[in-house]
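Working notes, beginning with the structure itself.
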Amino acid sequence: MDGSQDWLDSEILEAGKCLLGLFRNKLCPAYVREQDMIMYAAPWEEADFRVGVYLYDIQDYSVMMTSEGALTDTERRFPPKAVELSYMVFCNETHRFGGIQREQIQVMLNEIVRVVYDNPMLEQGNGEMLQIAFLRENMDFKIRLWGSFSKPLQPAVYIKAAPLLIRSERKRRVSNVQERDYHVVPGNS
């Protein structure tokens, strides 16, 4: 793969697009008028959006065993790396065109929870399934996370997407076992 195309073939980007697409399809137009008002965003951004999806952590997902793939008779690709993606989905309280009122935020968060609960499996463009589920982050973690954004703690939905398989570019050569012919000579007894 040449370096200029790496970002086009990103498993993490593809998973994020699928998750973003899910929220856009389920929340628009009933809860958010336009799909582009649900976007990848960080809590500190001053952009015009209603719902932000922010990837804040990537962890090893070693509970899943993966196997290497055959490229040719003599070459194998190392197994993919399974990871778990952690997202927070939040409402933009400072939207320029009449920010969201507290009641609207609660209604929106309710619908975000419903979307995650009703759609536990997400099919990616390559046909692989990605499970989405709620994360139980403790309050101290949430306060530290929001504090790292220089923002006070705000309500958000914390979810994980796993297992995401990231294809390895490492390859190894193998030699096929050739046919063996064993000649057994009967012994003198």
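Quantities reported herein were computed from a predicted structural model and do not represent experimental measurements. For reference, positions follow the sequence shown, starting with 1.
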(request) Run the numbers on L19 and L85 for side chain to side chain contact (heavy atoms under 4.5 Å, CB included), then give the verdict. (result) CA-CA 11 Å; L19 187 60; L85 307 176; over 6 Å; no
(request) Using a 4.5 Å cut-off on heavy atoms from C-beta on, say whether the side chain of D140 contacts that of R144. (result) yes
(message) Tell me whether K160 is salt-bridged to D57, with the criterion being a basic N under 4.0 Å from an acidic carboxylate O.
(response) no
(message) Measuring only between side-chain heavy atoms, which start at C-beta, is L135 closer than 4.5 Å to F141?
(response) no
(request) Give, for atom OH of Y31 and atom CG of L109, the distance between the pair rounded to the nearest 0.5 Å. (result) 12.5 Å
(request) Without swapping roles, check the side chain of Y40 against the backbone of G16 for a donor-acceptor pair under 3.5 Å. (result) yes
(request) Report, as yes or no, whether the 6.0 Å neighbourhood of atom CE on M139 holds more than 12 heavy atoms from other residues, nucleotides or ligands. (result) no
(message) One pair to check against side chain to side chain contact (heavy atoms under 4.5 Å, CB included): C18 and L130. What are the steps and the verdict?
(response) CA-CA 9 Å; C18 289; L130 192 60; over 6 Å; no
(request) With rounding to the nearest 0.5 Å, note down the distance linking NZ in K142 to CD in E137. (result) 7.5 Å
(message) Once rounded to the nearest 0.5 Å, what's the spacing between atom CG of L27 and atom CD of Q35?
(response) 10.0 Å
(message) Working to the nearest 0.5 angstrom, can you tell me the gap between C91 SG and I38 CD1?
(response) 9.5 Å
(request) Kindly compute the distance separating CG (N110) from CD1 (I105), expressed to the nearest 0.5 Å. (result) 13.5 Å
(message) Counting only heavy atoms from other residues, nucleotides and ligands, does the tally under 6.0 Å from NZ of K26 exceed 12?
(response) no
(message) For the CD atom of Q124 and the CG atom of L165, what is their distance to the nearest 0.5 Å?
(response) 8.5 Å
(message) Can you confirm whether more than 12 heavy atoms, excluding those of K17, are under 6.0 Å from its NZ atom?
(response) no
(message) Looking only at side-chain N and O atoms, does E45 offer a donor or acceptor that is under 3.5 Å from a partner on Y54?
(response) no
(request) Indicate yes or no: at least one non-hydrogen side-chain atom of Y87 is less than 4.5 angstrom from one of I132. (result) no
(request) Indicate yes or no: at least one non-hydrogen side-chain atom of N126 is less than 4.5 angstrom from one of E14. (result) no
(request) For P152 and W146, work out which heavy atoms get closest and say how close. (result) O-CE3, 3.6 Å
(request) Would you mind checking if E111 and R114 are paired as a salt bridge, meaning a charged N to carboxylate O distance below 4.0 Å? (result) yes
(request) Go through the steps to decide whether L164 and E128 satisfy the test side chain to side chain contact (heavy atoms under 4.5 Å, CB included), and finish with yes or no. (result) CA-CA 9 Å; L164 178 67; E128 291 194 20; over 6 Å; no
(request) Side-chain contact test, heavy atoms from C-beta onward, threshold under 4.5 Å: evaluate it for Y56 versus L145 and give yes or no. (result) yes
(message) Quick one, K151 with F90, criterion side chain to side chain contact (heavy atoms under 4.5 Å, CB included). Give me CA distance, side-chain angles, the key distance, then yes/no.
(response) CA-CA 13 Å; K151 298 283 259 180; F90 62 97; over 6 Å; no
(request) Determine whether R24 and M39 make a side-chain contact, defined as any pair of heavy atoms from C-beta on separated by less than 4.5 Å. (result) yes
(message) I'd like to know whether OH of Y117 has more than 12 heavy-atom contacts from other residues, nucleotides or ligands below 6.0 angstrom.
(response) no
(message) Donor-acceptor pair, distance only, cut-off 3.5 Å: does the side chain of N92 make one with the backbone of M37?
(response) no
(message) Any heavy-atom pair between the side chains of P79 and R167 that's under 4.5 Å?
(response) no
(request) Check whether any side-chain heavy atom of V89 sits under 4.5 Å from a side-chain heavy atom of V116, and report yes or no. (result) no
(message) Would you call the rings of W44 and F149 parallel, tilted or perpendicular, taking 30° and 60° as the class edges?
(response) tilted
